[in-house]
Protein chains: 2
Amino acid sequence: MPKRASMSDVARVAGVSLTTASRALNGVGRVSAETRARVIETAERLQFQPDMLARSFVTGRSFIVGVLAESARGRFSMPLIMGATNYLGRENIAAVTLDARGTPRILNDYLKRLRARRIDGLLVVGDDPNRASLVLSEDFAVPVVFASSSATPETDYVVAPDNRGAGRAAAEYLIGLGRRNIAHVTAAVHDPAVDARVDGFTEAMRSAGMPIAMGGPLYGSYLQRWGTAAGERILDSMAGGQPVDAIFAANDEIAIGLFAAFHRHGVRVPDDIAIVGYDNRLAGVMRPDHPLSTFDPDLSTVGERAAERLLQAIGGTTTPGIHYVQPTFVEGRSTIGPTLEPYDIL
Amino acid sequence: MPKRASMSDVARVAGVSLTTASRALNGVGRVSAETRARVIETAERLQFQPDMLARSFVTGRSFIVGVLAESARGRFSMPLIMGATNYLGRENIAAVTLDARGTPRILNDYLKRLRARRIDGLLVVGDDPNRASLVLSEDFAVPVVFASSSATPETDYVVAPDNRGAGRAAAEYLIGLGRRNIAHVTAAVHDPAVDARVDGFTEAMRSAGMPIAMGGPLYGSYLQRWGTAAGERILDSMAGGQPVDAIFAANDEIAIGLFAAFHRHGVRVPDDIAIVGYDNRLAGVMRPDHPLSTFDPDLSTVGERAAERLLQAIGGTTTPGIHYVQPTFVEGRSTIGPTLEPYDIL
DNA sequence: CTGAAAGCGCTTACAG
DNA sequence: CTGAAAGCGCTTACAG
């Protein structure tokens, strides 16, 4: 096979100096239009492809970024990383994907390696609030973007799902459906994603002048079991004369647990109680006719935006601050009917 | 901040030539033990980190590989790609992740770019049988490893889940449980994964001298709906005097569809009919006590092994051929009880 | 607008 | 065992 054409081959054939060829091909510096055209034509004819290794060497830009995950196996991280690396690939940027598995020692090791790799930037994926400071304390010389749902100082580049917006949207949606006694069943306090959703939900309820049913958010876990337990509690309360006609659940597992409790007691969804979940992780597993109304945080888009932001930061065309990605609402039978039966879900 | 030490800094400080420093640091060529020790000590003292960009430039090894997915969004591809990129990251290899989205034009574009990137190798993820020939016809100059469940010529490097082995194991497991009338409900013929599972299952049944219930595999789709339809058919057949006491389903959706049909007709699982699924995609979504017996193809391990294989191929330490990854069996209530109820699943 | 030349930081024949 | 020198393929002051 014929050796690849180098830029000096192009220069020689086009009858110009290497300098001029470089300038013409990169569209930088003054080159007469005709010279430029001739060089470009020659390059195409010779099927010239610039050697990125040489270019990297001389410019110091590696066209490689680091993607550092707190835990790559997490449900949160995987689609996010995929979204990011896909975007990067499309932009012809390579990624060194590293999984710190929550261990600072591993993290520091990795940071050292990334430096030797001369990466152009770093994308940090995860929710560990300590991570940020760790990385920054290393005073990494390249831009760092955080893709995370936890709050991070406004001095960093951050991309995150809008949990607060989702909480607000959930309340507004249920109010719009005419529901008047809306509860919120959520996971543990101090989980930043939980807190943000609670805040948004509370805000929207207050704006509508509506108290939160059950006296406020019910805190528990992300497990279906908790959804069922919360459901029992709500049924008790209803038996005691406290009406509940809609629930915003912090994830789909809780939503299904609630439904299970209600169905066992003959309470119909959505006829008696409408349920909105969060995550849409069960899409593709659940039946295709959308049994559950839920919010899809669109994590691969979060990853994509974070990667885009990183390239902008490298290019100096963005400023620090947090960018939110709006979760998409997926409307399903748990709020608009017809009445759900157990086998309608899976 | 002080400039990074270069190799010539190390050489100067250690009082040796650049040549010797390079040899000592890379452990190549003859260098006296004391010289080597001195150089290494000096390098450590100066915190020398070799510039990988320079090394790549001169050696032509980019320490970057391409990861080309037929469709990165596919359920199959995502964990596989994550497994691969994680392994690569640990080995300090960057990846350009590209999603051809089934389009040959995009594919060829990407291959051109990867060449300009001077990648060290290529990992192709996906099941499209045309993909392989496409890539190879480009006579890519670097090693190519296929991570795929479709059959590929023995002249390539291939890593794939052992579908045949899983089919065999499913039959043997159900036979071992004492079941005697075992059916197989699967998806479409000519899907390579389906065919391999059918082959393995058929083989094990034949070895045990047992006919396949229902006269042979029941072909349909991967949808839960098909599982339910197949369940109805099996119930009819049972009503007609043809016993069935176990089923191997081609995926978990089918398994759940089967269960739904049986439960509606008062047929108990596993008491009357044991069910084994495939995929374990619902782990983490289903209840934690393993409602469903199923095979986990361990796709991230497939990706990991494929990446490992790619690095071996680049290093010349492996030979072409197919390596299988054994799916892991996850035992659950659908085969060992107690009797499953609808809400036990999700 | 164009070109000769230096230089990026390594590896590796080649010669001793 | 050790070293002087060439060279990898580009970019970019510097000089014209």
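Everything numeric in this text was worked out from a predicted model, so none of it was measured. Lettering follows sequence order; numbering is per chain, from 1.
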Inset, instruction - Kindly indicate whether the side chain of T97(A), heavy atoms from C-beta on, has any atom under 4.5 Å from the side chain of L88(B). - result: no
Legend entry - Residues forming a side chain to side chain donor-acceptor pair (under 3.5 Å) with R117(B), sequence neighbours excluded: none
Legend entry - Pairs involving residues 49-62 of chain A, ordered by first then second residue, that meet salt bridge (charged side-chain N to carboxylate O under 4.0 Å, His left out) (sequence neighbours left out): D51(A)-R118(B), R61(A)-D120(A)
Inset, instruction - Establish, with yes or no, whether the OP1 or OP2 oxygen of dG3(C) is under 4.0 angstrom from a side-chain nitrogen or oxygen of S17(A). - result: yes
Inset, instruction - Determine: side-chain N/O of T35(A) to OP1/OP2 of dT2(C), distance under 4.0 Å, yes or no. - result: yes
Legend entry - Residues in side chain to side chain donor-acceptor pair (under 3.5 Å) contact with T19(A), at least two apart in sequence or another chain: none
Inset, instruction - Scan for ring pair (Phe, Tyr, Trp, His ring centres under 6.0 Å) pairs involving residues 20-52 of chain A, sequence neighbours excluded, and state none if there are none. - result: none
Legend entry - ring pair (Phe, Tyr, Trp, His ring centres under 6.0 Å) contacts in which one or both residues fall within residues 79-124 of chain A, not counting sequence neighbours: none
Legend entry - Watson-Crick or G-U stems involving DNA chain D, each at least 3 pairs long, distances under 3.5 Å, ordered by first number: C:1-3 with D:14-16, C:5-12 with D:5-12, C:14-16 with D:1-3
Inset, instruction - With a 4.0 Å heavy-atom cut-off, tell me which residues in residues 49-64 of chain A come close to DNA chain C, sorted by residue number. - result: F57(A), V58(A)
Legend entry - Pairwise salt bridge (charged side-chain N to carboxylate O under 4.0 Å, His left out) hits with a residue in residues 19-33 of chain A, at least two apart: none
Legend entry - With T42(A) via side chain to side chain contact (heavy atoms under 4.5 Å, CB included) - residues at least two apart: V10(A), V13(A), A14(A), R38(A), R45(A), L46(A)
Every protein N/O within reach of nucleotides 14-16 of chain D N/O, cut-off under 3.5 Å:
none

Legend entry - Phosphate OP1/OP2 of dA5(C): any T19(A) side-chain N/O under 4.0 Å: no
Inset, instruction - Could you tell me whether S32(B) contacts a base, only the sugar-phosphate backbone, or nothing, with contacts defined as non-hydrogen atoms closer than 4.0 Å? - result: sugar-phosphate
Inset, instruction - Return the set of residues passing side chain to side chain donor-acceptor pair (under 3.5 Å) with S17(B) (not counting sequence neighbours), or none when no residue passes. - result: T20(B)
Legend entry - side chain to side chain donor-acceptor pair (under 3.5 Å) against T318(A), all qualifying residues, sequence neighbours excluded: R309(A)
Inset, instruction - Please state whether the phosphate of dC10(D), meaning OP1 or OP2, lies under 4.0 angstrom from any side-chain nitrogen or oxygen of S8(A). - result: no
